[in-house]
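Data block below; observations after.
Heavy-atom basis, side chains included; hydrogens, waters and symmetry copies ignored.
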Amino acid sequence: MDDPRAQRLFGDTTVAPGDLAFSPFRVDRDRIVSSPFFARLAGVTQVISPGGAGLLVHNRLTHSLKVAQVARAIAERVRDGDPDLADKLGGCDPDVVEAAALAHDLGHPPFGHLGERVLDRLARQRLGLRDGFEGNAQSYRIVTSTEIGGQATIGLNLTNATRAAILKYPWTRHGHPEPHPRFMDPPPRGAAVHPDEPDGGSAKFGAYSTEIDDVRAARAAFAGRVADWQQTVEASVMDTADDIAYAIHDLEDVHRVGVLQQGSVATELMAWQRWGTATDLKRAGGAIESLRRSLHRKESWIADDDAFADAVELVRAELVDGLLAQPFDGSVAAEARVAAFSATWTRRLVDSVEMTEQAAVRSGHVQLTVAQWHEVQILKFVQNRFVLARPDLALHQRGQARLLATLVEALLAWLTDPEEADRLPRRLRDLVELGEAELPKGTPERLARARGRAVIDFVAGLTDSQAVGLMDALSGRSRQLWTDVFVL
């Protein structure tokens, strides 16, 4: 199939080749939002657990909706700004971008990035799964079509273009593409060697080795247009929108629940503004000076001291002296201030996005301008420094990590108990069968590996509350016998 547009459409799609006037990309979007995988995201943590915040905060579903909104606005800007360049690089369809944005977090497990790290460690060290676990790869696993005995058991049958746009990191942990991007100097963002992986697999990756044929099919239309390790334009738009949404919308949550305090943020930013590069790293301002130095080491392609200083000043003026100047009290006026802050920043960042034919290795073909890129780094710094590094959050997350580890062990014990073979959850049995079908016959410890992947897939598909409820049931603490079945 030589027609590039046809290659973007077909493969596993059910749309007839002669129906090019129809938009199968909108079908992709509808399939995603109609799926149970998407509905599950309403119960999955973004930053603050939705079950314990007490106020309305973002979960993975509302985050995905906002990423889709931002991504579509960027896609329309990119497409209308230079349509010839967009076509040269493989296309920038707003429907594709929106669908990919809606799907990008489908594979994220309970308890946000904490759950991702725990499942990765267990998958590699306890269950012997070389690919481990990665939320982006899990999302791709969910949307791809895999069959057992001719019956589709997983997958949303999306077009090639949408599947390619989901690939934020278009490589596997170890082998694809060749040479693997982790050997580049510098490596693409996310492709560097995993610190806990002795044989050098990437820290971030977009697909497991079991989905490699699907990755090749999805990206076939982009061969010769973007590098094998580079995001498509549509994936780059989705990635940029995700960064914008994280930097802005998650700040709304921590302000609403009173976690982000004006005084501590002001002290850090103003101390650095006073002392600059001479700041003592052990005193106020030192954390943000460490960020500046880190950006020069890792992101020398764009790091700029003047832009960094301007970004610190803008965030100080609009976040510290603006949004945080009055505590959130739930009033109409307080909500209006949050909405105005979010709208102003979103508009500024979206309006700054530009497309380039010659992308830096650590960037994509769609990127923020230098000034706005630095502003996003400062906003994310505030979140990382004053929220994610809090001891009380660490205490909460350590309990969640222990819960997930115990849950994996309990499910594995149930799965390998010969006396319980007839009473296993149907979905868990299906996932074992799927895992075996993916592994070639003769694979060492084939059944054990299939069981390990099945347990990881099963746990990753739970909501936060389902994970807690299932652990209660497996521990004998639940008294709700017939209502526990919803978890299984």
Side-chain angles (χ1 to χ4, degrees), residues 40-41 43-53 59-60 107-135 137-138 141 194 196-197 208 388 390-432 434-435 445 447-488:
R40 179 190 74 92
L41 297 180
V44 179
T45 292
Q46 171 64 13
V47 174
I48 300 172
S49 177
N59 51 52
R60 287 280 169 184
H108 273 267
F111 311 128
H113 289 295
L114 176 278
E116 189 177 14
R117 293 192 298 271
V118 171
L119 291 185
D120 181 47
R121 174 177 55 80
L122 292 169
R124 289 182 293 108
Q125 299 177 8
R126 173 66 178 88
L127 302 174
L129 301 176
R130 191 165 184 257
D131 279 346
F133 178 87
E134 214 281 339
Q138 194 72 12
R141 180 173 175 82
H194 194 288
D196 299 327
E197 189 73 20
Y208 300 120
L388 300 185
R390 288 172 61 105
D392 50 357
L393 179 61
L395 175 66
H396 192 59
Q397 289 183 331
R398 287 181 67 84
Q400 293 172 334
R402 186 174 295 108
L403 183 151
L404 286 178
T406 306
L407 183 56
V408 167
E409 292 292 347
L411 286 171
L412 188 64
W414 191 6
L415 189 58
T416 55
D417 186 343
E419 297 183 1
E420 293 286 343
D422 294 333
R423 298 205 301 168
L424 289 171
R426 180 67 254 184
R427 177 162 178 77
L428 192 55
R429 281 187 282 179
D430 287 344
L431 289 171
V432 173
L434 170 63
E445 299 183 335
L447 179 57
R449 289 173 59 184
R451 285 171 169 169
R453 177 55 64 187
V455 169
I456 294 296
D457 284 349
F458 188 90
V459 173
L462 300 172
T463 65
D464 292 13
S465 61
Q466 284 177 329
V468 173
L470 183 56
M471 192 64 252
D472 281 347
L474 286 167
S475 302
R477 292 193 296 265
S478 175
R479 297 182 180 182
Q480 300 175 350
L481 173 61
W482 302 114
T483 57
D484 286 331
V485 71
F486 81 98
V487 177
L488 307 178

- Any sub-3.5 Å donor-acceptor pair from R449's side-chain atoms to L129's backbone N or O? no

- Note on the structure: The reported gap from CG in L407 to CG in D472 (rounded to nearest 0.5 angstrom) is 10.5 Å

- Message: For H113 and H108: C-alpha separation, side-chain torsions, deciding distance, then whether side chain to side chain contact (heavy atoms under 4.5 Å, CB included) applies.
- Response: CA-CA 8 Å; H113 289 295; H108 273 267; 3.6 Å; yes

- Nearest heavy-atom pair of G435 and A450: which atoms, and what distance? C-CB, 3.7 Å

- V408 vs L404 side-chain heavy atoms within contact, under 4.5 Å: no

- Less than 4.5 Å apart, any side-chain heavy atom of L474 and any of L411? yes

- Side-chain (E134) to main-chain (A137) donor-acceptor, under 3.5 angstrom: yes

- Tell me, yes or no, whether the heavy-atom count around R398 atom CZ, taken from other residues, nucleotides or ligands under 6.0 Å, exceeds 12. no

- Least distance between heavy atoms, L424 atom then W414 atom: CD2-O, 3.5 Å

- Task: List the steps and the verdict of side chain to side chain contact (heavy atoms under 4.5 Å, CB included) for V432 and L447.
- Result: CA-CA 8 Å; V432 173; L447 179 57; 4.2 Å; yes

- Query: Quick one: are L470 and F458 in side-chain contact, heavy atoms under 4.5 Å?
  - Reply: yes

- Message: Please evaluate residues M471 and L462 with respect to the criterion side chain to side chain contact (heavy atoms under 4.5 Å, CB included), reporting the C-alpha separation (whole Å), side-chain torsions for both, the decisive distance (0.1 Å), and the verdict.
- Response: CA-CA 11 Å; M471 192 64 252; L462 300 172; over 6 Å; no

- Check the pair V118 / L114 against side chain to side chain contact (heavy atoms under 4.5 Å, CB included), numbers first and verdict last. CA-CA 6 Å; V118 171; L114 176 278; 4.1 Å; yes

- Query: Quick one: CG on L412 to CG on D417, what's the gap to the nearest 0.5 Å?
  - Reply: 11.0 Å

- Query: Can you tell me how far CZ of R451 sits from CD1 of I456, rounded to the nearest 0.5 angstrom?
  - Reply: 15.0 Å

- Item | Distance (rounded to the nearest 0.5 Å) between T463 OG1 and R60 CZ | 14.0 Å

- Item | Any donor-acceptor pair under 3.5 Å from D464 side chain to F111 backbone | yes

- Message: Just checking E409: does its CD atom have more than 12 heavy atoms from other residues, nucleotides or ligands closer to it than 6.0 angstrom?
- Response: yes

- Scanning both residues in full, the closest heavy-atom pair of P109 with L119 reads CB-CD1, 3.7 Å

- Query: Within the distance-only criterion (no hydrogens, no angle test), does the side chain of E116 pair as donor or acceptor with the backbone N or O of G135 below 3.5 angstrom?
  - Reply: yes

- Note on the structure: In this structure, CG of L415 is separated from CG of L428 (nearest 0.5 Å) by 5.0 Å

- Query: How long is the span from the CZ atom in R141 to the CD atom in Q138, to the nearest 0.5 Å?
  - Reply: 6.5 Å

